[in-house]
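Below, chain A is the first sequence line, B the second, and so on; all start at residue 1.
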Amino acid sequence: MTHDIFAAMRARIVAALREILPDLPEDAFARVATEPPKDAAHGDMATNGAMVVAKPTKQPPQKLAAQLAEKLAALPEVAEATAAGPGFVNLRLRESHLLALVPAVLAAGEAYGDSRMGQGVRVDVEYVSANPTGPMHVGHCRGAVVGDALALLLRKAGYDVTSEYYINDAGAQVQALAHAAYWRYLQALGTDMTEEEFAAQVPGGLQYRGDYLVPVGAALRQIFKDSLAEPGARPAPAGRWLDTVRDFTVTAMMAAIREDLAALGVQHDVFVSEAQLVRDGKLDQAEALLAAKDLIYRGVLEPPKGKTPDDWEPREQTLFRATQFGDEVDRPLRKSDGSGTYFANDIANHLHKIERGFAELVHVWGADHGGYVKRMKAAVGALSDNKVGLDVVLTQIVHVVKGGQPVRMSKRAGTYVTLRDLIEEVGRDAVRFTMLTRKADAQMEFDLDKVIEQSRDNPVFYVQYAHARCFSVLRQAGLAGPAGQGLPAALRASLGAAPLDALTDPAEIALIRRIAAWPRTVESAAAAREPHRIAFFLTDLAADFHVLWNRGRDDATLRFIRAEEQAATSARLALVAATAVTLRSGLAVMGVEPVEEMR
RNA sequence: GUCCCCGUAGCUCAGCAGGAUAGAGCACCAGAUUCCUAAUCUGGGGGCCGUGGGUUCGAAUCCCGCCGGGGACACCA
């Protein structure tokens, strides 16, 4: 069952074209589209069908449009079909057909807009994947929200989605983290070393000096007493403590990150550990697989173009033939000392995904990883014989602004804004919605003052207010149930049974048209991997509703509830409920709560 | 030098698989409050869609060049 009246009409149009042009091959109709016209004066729908088939048949589009219009005019749901412009066919639907959507939406409830476009194809969406070296900060936030919304969106579009967090717990950064935690442990034991004395002994210097590791040091002392240190709380050889401290600290950091994610309402189905993949021999397995396809060799790379790093020297390394899959240069799998590169481990990660049977992989990465996309696509292509697709969604940086001034993001200066701070300041819904009000790959300004402002200028508020207004009306009519329950199925059914002939005002029809566009919005947003489109749709839908609401101010006969007009009242209440259902369906995709009352 | 992203109203940004006369908010100007929440709404001015080509019946949208802004470019993750 589809509620997409555009998709349904498209099927009708293609069938009509087939009757007119029986000799055309199937794929000639692929570009036929049915969409709402920009100008409402053109009717409810427009199709380019005649223009699309004009070329292969070598017939003038206007002539075909006239034929098509004639056929479409005979359809029961069509009131009028006219050829227009360069070959469009404009359709005006019978009012009853448009109105019939209202009970359908009410019956579907929050499932309205669900699509089968994805056909149950298994998709893995990986996002966040922040290094487990500290609490999450604002920089991670956008990717988390975009990824989570994308997973929800693809699910709604009919894909079988697994959301995944890849824990980078195997590289040099977690070694550095372990040293930092070890320093806090020594402090907890009461060492008389200074931080700089200790730092001088750490290979690569002491990083991660933030306070957040202090409790980790204390916990280490509690569990291991002084067994990981030399007498006098002096540092012991790394071999005695490094693995232990690292694993303990990574676990603690991941626990903190999971709490942060929970506070943001972000869900991951699975957490995959890089270290575990390495222990399981996935890296060797991936390397063997690539070797068997003759995609690995020993070689020396050219120095990078442009400015050559000062310490550059030719080194023989194990290289992957990424150039065979569209990358610019071949990429190292092993460093000159023979250990695996991050890229190699990530190949193992992707092999792991491919083995689990995903047909499509999606990643949400920060824009600074843009240079990494081609090689990863090359690797996935190589591992899967080009059968599995990889899509990367890049998210641009977020500038936090308060009082017109940029909020500086510096770990060292201690002005680092954690995700938790942000959520506490403006609320989870505002964070999520606002992060989705820009295309992911466009830079964004996050104005702390604006997102809590209760005005038209703040889309979070504006959309939630529309939903609350719907409930306000239903409460006024004595219909809404207990707060927070949404609209019970029984109520939706009884509202949906009302005759709707009374819905004739242009603002009412405009609202229904908007609601009708929801399923195709879901599909196009999912196809483009652009969850921000949902935010824009909801803002438009909210605007249509606010307009209608205000019509009742200017003209009392247009109010939703009119004691003396039973038929009009029940029809309008059904429309209000359908609006609430659609708003709710959309907010669910964004992971934002549909509030039923504004305070 | 190479690759990726961006360039649309004064500002912040949309533009739906290429469609008809390019939209919204803010700001500015003028209005609406005995009324289901004015926390909203109505009207107005404001554009060479960076630029030059190409593909097409048709381009802000796709392709190529150029200009401007941001990011990434062995042995980091």
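- Secondary-structure stems of RNA chain B, taken as three or more successive Watson-Crick or G-U wobble pairs (i with j, i+1 with j-1) under a 3.5 Å distance threshold, comprise B:1-7 with B:67-73, B:10-13 with B:23-26, B:28-32 with B:40-44, B:50-54 with B:62-66.
- Under the rule for a side chain to side chain contact (heavy atoms under 4.5 Å, CB included), the partners of Ala81(A) that lie at least two apart in sequence or sit in another chain are Ala69(A), Leu72(A), Ala73(A), Val78(A), Val89(A), Leu91(A).
- You'll find the ring centres of His179(A) and Tyr208(A) outside the 6.0 Å limit.
- By the side chain to side chain contact (heavy atoms under 4.5 Å, CB included) test, His352(A) is found to be paired with Val272(A), Leu277(A), Lys282(A), Arg356(A), residues two or more places apart in sequence or in another chain being considered.
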I'd like to compare against my own output: the B/S/- annotation of nucleotides 23-32 of chain B with a strict under-4.0 Å heavy-atom distance to protein. --SS------
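- Comparing Gly85(A) and Ala170(A) by the nucleotide of RNA chain B that holds the closest heavy atom to each, the one mapping nearer the 5' end is Gly85(A).
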In a table with atom names and distances, give each donor-acceptor pair under 3.5 Å that connects a side chain of residues 364-375 of chain A to protein atoms at least two apart or in another chain.
residue, atom, partner, partner atom, Å
Tyr372(A), OH, Asp346(A), OD2, 3.4
Lys374(A), NZ, Glu328(A), OE2, 2.9

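- Taking Asp327(A) as the reference, Arg331(A) meet the salt bridge (charged side-chain N to carboxylate O under 4.0 Å, His left out) condition, with sequence neighbours excluded.
- With sequence neighbours left out, Asp44(A) forms a salt bridge (charged side-chain N to carboxylate O under 4.0 Å, His left out) with Arg513(A).
- Looking at Ser115(A) and Glu523(A), their side chains do bring a donor and an acceptor atom within 3.5 Å of each other.
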The test is side-chain contact (heavy atoms from CB on, under 4.5 Å); show your working for Phe433(A) and Met590(A) and say whether it passes. CA-CA 7 Å; Phe433(A) 199 107; Met590(A) 302 182 70; 3.6 Å; yes
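- In the region residues 335-348 of chain A, proximity to RNA chain B at under 4.0 angstrom, judged on heavy atoms, holds for Lys335(A), Ser336(A), Tyr342(A).
- Taking 4.0 angstrom as the limit, Ser472(A) places none of its side-chain polar atoms (N or O) nearer than this to OP1 or OP2 of C36(B).
- Distance Tyr462(A) OH to C41(B) P: 4 Å, rounded to the nearest Å.
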Please tabulate, one pair per line, all N/O donor-acceptor pairs under 3.5 Å involving side-chain atoms of residues 561-568 of chain A, not counting sequence neighbours.
residue, atom, partner, partner atom, Å
Arg562(A), NH2, Glu564(A), OE2, 2.9

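- Here Ile5(A) contributes atom CD1 and Ile515(A) contributes atom CD1; the two are 11.0 Å apart, rounded to the nearest 0.5 Å.
- Against the 90° criterion about 0, the sugar-base torsion of A17(B) places it in the syn range.
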For nucleotides 54-57 of chain B, which of its nitrogen or oxygen atoms have a protein nitrogen or oxygen under 3.5 Å away, and what is each distance?
residue, atom, partner, partner atom, Å
C57(B), OP1, Lys55(A), NZ, 3.4

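- Listed pair His369(A) / C76(B) fails the phosphate criterion, with no side-chain N or O lying under 4.0 Å from OP1 or OP2.
- A72(B) atom C1' lies 10 Å from atom CZ of Arg331(A), rounded to whole Å.
- Rounded to a whole Å, the CZ atom of Phe471(A) is 19 Å from the C1' atom of A39(B).
- Aromatic ring centres of His42(A) and Phe88(A): separated by at least 6.0 Å.
- One can place CZ of Arg438(A) at 5 Å from C1' of C13(B), the figure rounded to the nearest angstrom.
- Here His42(A) lies parallel enough and close enough to stack on the base of A20(B), with planes under 30° and ring centres under 5.5 Å apart.
- Contacts of Glu35(A) classified as salt bridge (charged side-chain N to carboxylate O under 4.0 Å, His left out), with partners at least two apart in sequence or in another chain: none.
- Ring-to-base geometry does not place Tyr372(A) in a stacked arrangement with A72(B) (centre distance under 5.5 Å, plane angle under 30° required).
- Counting to the nearest Å, the C1' atom of U37(B) and the CD1 atom of Ile561(A) are 13 Å from each other.
- The residue Phe461(A) sits close to a base: some heavy atom pair falls under 4.0 Å.
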So which protein nitrogen or oxygen atoms get under 3.5 Å of nucleotides 3-10 of chain B's nitrogens or oxygens?
residue, atom, partner, partner atom, Å
C3(B), O4', Glu328(A), OE2, 3.4
C3(B), O3', Lys374(A), NZ, 3.4
C3(B), O2', Glu328(A), OE2, 3.4
C5(B), O2', Asp441(A), O, 3.3

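- With hydrogens and angles ignored, the 3.5 Å screen pairs a side-chain donor or acceptor of Thr47(A) with a backbone N or O of Ala33(A).
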